A.B. asks: 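Questions regarding the structure given below will be posed in turn.
Along the sequence shown, residues are numbered consecutively beginning with 1. This is a predicted model, so every value here is computed, not measured.
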Amino acid sequence: MSGSSNSLPTVLYIVNQDLVRVSSSLPSNQGRSAAIHTLAHALGLLSSRTSTSSSSRIIRIVNPQVASYNDLAAYHSREYLDFVLSSTSGLEFSSEFGLEDDCPPFRGLASYIKHVAGASLTAAKALQFGHCDVAICWDGGRHHAQKSRAAGFCYVADCVLAILALKRPFPSQPTSTASRRKPRVMYIDFDLHFSDGVSRAFYNPASSAVSQVLTLSIHHTAPGFFPVTPLATLGGSQDPFTLSIPLKTGTSDETYARIWALVERVKDTFGPDFVIVQCGVDGLAGDPWRTFNMSLGSLGWCIDRVVNTWHVKTLLLGGGGYHNANAARAYAYFTSIAMNRPLPLDAVIPDHAGFPLYGPSFTLDVPAGTMQNSNTDAYLQEIESRYDSVLATLVERMKNYN
């Protein structure tokens, strides 16, 4: 892979036809990958032309590597891998390995796992070796997969694998002792559902040491809402490096604007070298889950804050989002923001193979609806009060980092 030898700020966009083919076969999101990348192309986002703006980034398309068995075994158990990578994996149900209910086996499962993990690892390694400022893998972001089980439409823990790759010592470490500290990785999750697979992977309440990894999930929680775990609740984590902001039905742009100050405070305290953002878009208005009421502009504002004001190397991953056209709209918009050339929200969808999906508006925007917001001022104050305590603990822990 050629790096940013031209010294221009660069976004790497990870995709090829094989990745689109296997990702489009995912039972929960059939055809979504094709819609995402086709729209990005139709909007002219995947052209490598250089902008005249000194603040914008050029984009380069990178073919993903295919993950090897050993790549996957950096996190997944060998028992799980032996089953899901077998020649019959797409045909056999297994309660032991989670291949049932919301994670049915499907033809091409082994290829899907290796391609998606390989794509996210390709992106992570590009950041680690300094080839780009932002790397994008919209087919990644499978945040429910466990070490030995598929769960929640997720068959491979690509987020965890990317974090493990980025937390390794920098490839070309300076020789001075002061520069040898291990890299810190901050994982932020915007998905409607709690990032249980990722959060549990790094949850260590018994440790008093400083973690290299901090996870922060902003999600919906309610009795019986998937995934059911104490870590998804306010105050349910006993580890200051495993954080959660649980929000109620009808979460709106105003809600996100208010809690964003907490995200900034966590980032400033932790001081990450890398940020991974799981950009689940099932909280957008119009998603079949009908739980949050977010507009595309509001989520885009959050992405802009991370990639254009934090000055930290960033990996953008996909995630939930079950309205294919709106997911494609979102990831096109986020790509333009990562390039620091944001598309106008009233941009007209160009005529292309997927054009009929975007009616009746045939524009880029996904506006908020009229759902009532159940996040009261008292509840948001409770979250803020809790984070005052969490951040005080985090500050103390970080004093010992070297």
Side-chain angles (χ1 to χ4, degrees), residues 1 12 14-29 33 62-100 102-129 131 135 137-169 171 185 187 195-198 200-202 212-213 274 276 278 315 317-319:
M1 180 192 307
L12 294 190
I14 314 299
V15 70
N16 66 9
Q17 290 183 350
D18 289 337
L19 179 63
V20 173
R21 174 180 52 79
V22 298
S23 297
S24 290
S25 67
L26 184 67
S28 59
N29 299 99
S33 178
V62 173
N63 286 322
Q65 298 176 345
V66 177
S68 68
Y69 186 98
N70 286 340
D71 289 333
L72 297 167
Y75 179 63
H76 285 292
S77 71
R78 294 188 177 270
E79 294 79 8
Y80 178 70
L81 292 177
D82 290 343
F83 187 87
V84 297
L85 298 181
S86 70
S87 59
T88 59
S89 66
L91 305 175
E92 293 186 55
F93 285 82
S94 169
S95 58
E96 178 183 0
F97 297 116
L99 296 178
E100 56 184 356
D102 58 2
C103 287
F106 63 96
R107 291 188 181 277
L109 173 59
S111 181
Y112 170 81
I113 288 171
K114 290 186 285 188
H115 277 84
V116 169
S120 293
L121 285 171
T122 299
K125 291 174 183 177
L127 289 167
Q128 188 180 46
F129 281 86
H131 293 303
C137 179
W138 294 136
D139 294 298
R142 314 315 300 176
H143 65 165
H144 295 307
Q146 310 291 323
K147 187 179 185 70
S148 300
R149 285 180 61 84
F153 310 143
C154 301
Y155 299 82
V156 60
D158 67 293
C159 304
V160 175
L161 292 170
I163 292 170
L164 291 174
L166 288 174
K167 71 189 285 286
R168 296 183 188 123
V185 183
Y187 172 87
S195 59
D196 59 329
V198 182
R200 286 174 179 167
F202 299 100
Q212 281 180 259
V213 178
F274 300 101
I276 298 178
Q278 198 270 19
L315 170 54
L317 298 174

A.B. asks: Nearest 0.5 Å, please: how far is CZ in Arg149 from CD in Glu100?
C.D. replies: 6.0 Å
A.B. asks: Evaluate the side-chain proximity of Arg168 to Gln128: yes if any heavy-atom separation is below 4.5 Å, no if none is.
C.D. replies: yes
A.B. asks: Calculate, to the nearest 0.5 Å, the distance between atoms CG and OG belonging to Asp139 and Ser24 respectively.
C.D. replies: 7.5 Å
A.B. asks: Please report the interatomic distance NE2(His143) to CZ(Arg200), rounded to the nearest 0.5 Å.
C.D. replies: 12.0 Å
A.B. asks: Any sub-3.5 Å donor-acceptor pair from Gln278's side-chain atoms to Gly141's backbone N or O?
C.D. replies: yes
A.B. asks: Are any of the side-chain heavy atoms of Tyr80 and Gln146 separated by less than 4.5 Å?
C.D. replies: no
A.B. asks: On a heavy-atom basis, which atom in Leu99 and which in Pro105 lie closest, and how many Å separate them?
C.D. replies: O-CD, 4.0 Å
A.B. asks: Of all the heavy-atom pairs spanning Phe97 and Ser148, show the shortest one and how long it is.
C.D. replies: CD2-O, 3.4 Å
A.B. asks: In terms of side-chain heavy atoms, does Tyr69 have a donor or acceptor partner in Asp82 at a distance below 3.5 Å?
C.D. replies: yes
A.B. asks: Does some side-chain heavy atom of Lys114 sit less than 4.5 Å from a side-chain heavy atom of Leu85?
C.D. replies: yes
A.B. asks: If every non-hydrogen atom of Tyr155 is compared with every non-hydrogen atom of Leu26, which pair is closest and at what distance?
C.D. replies: CE1-CD1, 3.6 Å
A.B. asks: Nearest 0.5 Å, what's the CD-NZ distance between Gln65 and Lys125?
C.D. replies: 5.5 Å
A.B. asks: With distance as the sole test, does Asp158 use its side chain to make a donor-acceptor pair with the main-chain N or O of Arg142 at under 3.5 Å?
C.D. replies: yes
A.B. asks: Below 4.5 Å, heavy atoms only, C-beta onward: do Gln212 and Val185 meet side chain to side chain?
C.D. replies: no
A.B. asks: For residues Leu19 and Pro64, report the shortest heavy-atom separation together with the two atoms involved.
C.D. replies: CD2-CG, 4.2 Å
A.B. asks: Quick one, Tyr187 with Phe202, criterion ring pair (Phe, Tyr, Trp, His ring centres under 6.0 Å). Give me CA distance, side-chain angles, the key distance, then yes/no.
C.D. replies: CA-CA 11 Å; Tyr187 172 87; Phe202 299 100; 8.5 Å; no
A.B. asks: Could you grab the distance from atom NE2 of His144 to atom SG of Cys103, nearest 0.5 Å is fine?
C.D. replies: 9.0 Å
A.B. asks: Check Val156 against Leu72 and note the closest heavy-atom contact, atom names and distance.
C.D. replies: CG2-CD2, 3.9 Å
A.B. asks: Under the salt bridge (charged side-chain N to carboxylate O under 4.0 Å, His left out) rule, what pairs show up with a residue in residues 17-29, not counting sequence neighbours?
C.D. replies: Asp18-Arg21
A.B. asks: Enter the distance from Phe106:CZ to Ser25:OG here, rounded to the nearest 0.5 Å.
C.D. replies: 4.5 Å
A.B. asks: Using the side chain to side chain contact (heavy atoms under 4.5 Å, CB included) criterion, which residues pair with Ala157? Sequence neighbours excluded.
C.D. replies: Tyr75, His76, Ala145, Val160
A.B. asks: Going through the checks in order, is the side chain to side chain contact (heavy atoms under 4.5 Å, CB included) test met by Leu161 and Asp71?
C.D. replies: CA-CA 8 Å; Leu161 292 170; Asp71 289 333; over 6 Å; no
A.B. asks: Looking at every non-hydrogen atom in both residues, tell me the closest pair between Leu317 and Cys159 and how far apart they are.
C.D. replies: CD1-SG, 3.9 Å
